[in-house]
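Notes to accompany the following structure.
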Amino acid sequence: MASLIEAIDIKRKMFVEYENAPYHCLDVEISRPTARGGQTLVRVKMRNLLTGAVFDRTFKAGEKFREPDLENVPASFLYADAAGYHFMDQDSFDIVTLGAEVVGDDRLLLVDNVMVQIQKYNGGPIGLQFPPHVELAVTDTEPGVRGDTASGGVTKLATLETGLQIRVPLFIKEGEKVKVHTETREFAGRA
């Protein structure tokens, strides 16, 4: 039996189950009234892990939530085809296939053998968690021209091996590997 969490005990980065779905708490704000008889309210900014929707909800301090049945399974990306995206579970060595709707835009961060965490809710895969950075090769970018920095734009557009387009510094050339921040999808340095 999963333990119950009171609204007043919810903290940032916690996971709770609300309306039969798992949620990740992004921010928590507690307002304590100054008048007698006022109720303490907990305002939570939360993301639905099934749909990705983010919204604010206000709860009374005594409301209770169940802990969701979440599990993170280490896996490495193998390949993608018409059936979906195939990963190898690093614990059981089983092949796990995720559909395109589960992977979504995260497909732009997937390269051979990248290590991820497959997030499962009640035993079924619902999403991917990436390490802070992934390394991707630059397949197309314009050469940096001397004097370009005078205009104030010291970055240029680069297309990476997965099709992801990011802004990179002028010194980055085609064929180089770069680190990409997985949360913001921005340049994080040379690999």
Side-chain angles (χ1 to χ4, degrees), residues 2 12-27 44-57 66-141 155-168 172 174-191:
R12 280 185 73 234
K13 298 189 178 185
M14 277 180 79
F15 295 95
V16 295
E17 190 170 308
Y18 174 66
E19 296 178 343
N20 296 321
Y23 285 85
H24 183 224
C25 299
L26 304 173
D27 198 21
V44 181
K45 183 176 185 177
M46 49 207 273
R47 174 183 287 124
N48 184 322
L49 294 177
L50 301 177
T51 65
V54 176
F55 53 86
D56 290 335
R57 284 283 193 268
R66 286 196 332 222
E67 216 174 301
D69 179 21
L70 287 174
E71 176 187 13
N72 285 333
V73 177
S76 63
F77 177 66
L78 298 175
Y79 63 95
D81 61 14
Y85 296 83
H86 305 279
F87 298 85
M88 180 184 289
D89 183 323
Q90 294 298 298
D91 294 333
S92 66
F93 300 108
D94 291 336
I95 303 298
V96 178
T97 302
L98 300 181
E101 70 283 349
V102 174
V103 176
D105 284 345
D106 288 343
R107 66 179 160 56
L108 296 173
L109 298 172
L110 289 173
V111 289
D112 291 346
N113 299 321
V114 70
M115 294 299 294
V116 297
Q117 298 278 327
I118 296 177
Q119 197 167 39
K120 292 185 175 185
Y121 174 63
N122 292 336
I126 60 169
L128 297 174
Q129 286 188 334
F130 284 86
H133 300 97
V134 292
E135 294 181 5
L136 300 171
V138 176
T139 57
D140 183 45
T141 188
T155 61
K156 60 184 178 178
L157 196 62
T159 304
L160 306 181
E161 62 187 299
T162 60
L164 180 66
Q165 290 190 326
I166 63 169
R167 307 256 352 139
V168 297
I172 298 295
E174 286 183 22
E176 283 190 72
K177 280 196 171 255
V178 294
K179 287 184 186 176
V180 178
H181 193 290
T182 55
E183 282 289 316
T184 61
R185 309 235 170 132
E186 293 176 349
F187 176 80
R190 279 183 166 149

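None of these values were measured; they are calculated from a predicted model.
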>> According to side-chain contact (heavy atoms from CB on, under 4.5 Å), who are the partners of D91, at least two apart in sequence or on a separate chain?
In response: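 side-chain contact (heavy atoms from CB on, under 4.5 Å) list for D91, sorted by chain: P74, D89.
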>> Can you list everything that forms a side-chain contact (heavy atoms from CB on, under 4.5 Å) with N122? Sequence neighbours excluded, please.
In response: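 Expected list: D69.
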>> For a side chain to side chain contact (heavy atoms under 4.5 Å, CB included) check, start with the C-alpha distance between D27 and D56, then their side-chain angles and the critical distance, and finish with the verdict.
In response: CA-CA 9 Å; D27 198 21; D56 290 335; over 6 Å; no
> For E176, which residues count as a salt bridge (charged side-chain N to carboxylate O under 4.0 Å, His left out) partner, sequence neighbours excluded?
Replying inline: R190
Who are the side-chain hydrogen bond (donor to acceptor under 3.5 Å, both in side chains) partners of [X], not counting sequence neighbours?
X: Y85; value: none
X: R167; value: T155
X: Q119; value: none
X: N72; value: Q129

What distance do [X] atom [atom1] and [Y] atom [atom2] have between them, rounded to the nearest 0.5 Å?
X: M46; Y: R57; atom1: CE; atom2: CZ; value: 7.0 Å
X: K156; Y: I166; atom1: NZ; atom2: CD1; value: 11.5 Å
X: Y121; Y: L50; atom1: OH; atom2: CG; value: 7.0 Å
X: C25; Y: M14; atom1: SG; atom2: CE; value: 7.0 Å

> Hey, mind stepping through M88 and S76 against side chain to side chain contact (heavy atoms under 4.5 Å, CB included) and telling me if it holds?
Replying inline: CA-CA 5 Å; M88 180 184 289; S76 63; 4.0 Å; yes
>> With side chain to side chain contact (heavy atoms under 4.5 Å, CB included) as the criterion, how do L49 and F15 come out once you've worked through the C-alpha distance, each side chain's angles and the decisive distance to 0.1 Å?
In response: CA-CA 9 Å; L49 294 177; F15 295 95; 3.7 Å; yes
>> Could you check whether any side-chain heavy atom of I126 comes within less than 4.5 Å of a side-chain heavy atom of K120, counting everything from C-beta outward?
In response: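 Of all side-chain heavy-atom pairs linking K120 with I126, none is under 4.5 Å.
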>> One pair to check against side chain to side chain contact (heavy atoms under 4.5 Å, CB included): F187 and H181. What are the steps and the verdict?
In response: CA-CA 6 Å; F187 176 80; H181 193 290; over 6 Å; no
Quiz: residues 131-141 side-chain donor-acceptor pairs under 3.5 angstrom, not counting sequence neighbours:
{"residue": "T139", "atom": "OG1", "partner": "T159", "partner atom": "O", "Å": "3.0"}
{"residue": "T141", "atom": "OG1", "partner": "L157", "partner atom": "O", "Å": "3.1"}

> What residues form a ring-ring contact (aromatic ring centres under 6.0 Å, His included) with F87, not counting sequence neighbours?
Replying inline: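 Testing F87 for ring-ring contact (aromatic ring centres under 6.0 Å, His included), a comparison that skips the adjacent residues, returns F77.
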> F130: what forms a ring-ring contact (aromatic ring centres under 6.0 Å, His included) with it, not counting sequence neighbours?
Replying inline: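 In terms of ring-ring contact (aromatic ring centres under 6.0 Å, His included), with neighbours along the sequence ignored, F130 is linked to no residue.
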> Do you know which of V44, V54, V16 makes side-chain contact (heavy atoms from CB on, under 4.5 Å) with Y23?
Replying inline: V16
Contacts table for residues 94-115: side-chain donor-acceptor under 3.5 angstrom, sequence neighbours left out:
{"residue": "D94", "atom": "OD2", "partner": "S92", "partner atom": "OG", "Å": "3.2"}
{"residue": "T97", "atom": "OG1", "partner": "H86", "partner atom": "ND1", "Å": "2.8"}
{"residue": "D106", "atom": "OD1", "partner": "R185", "partner atom": "NH2", "Å": "2.8"}

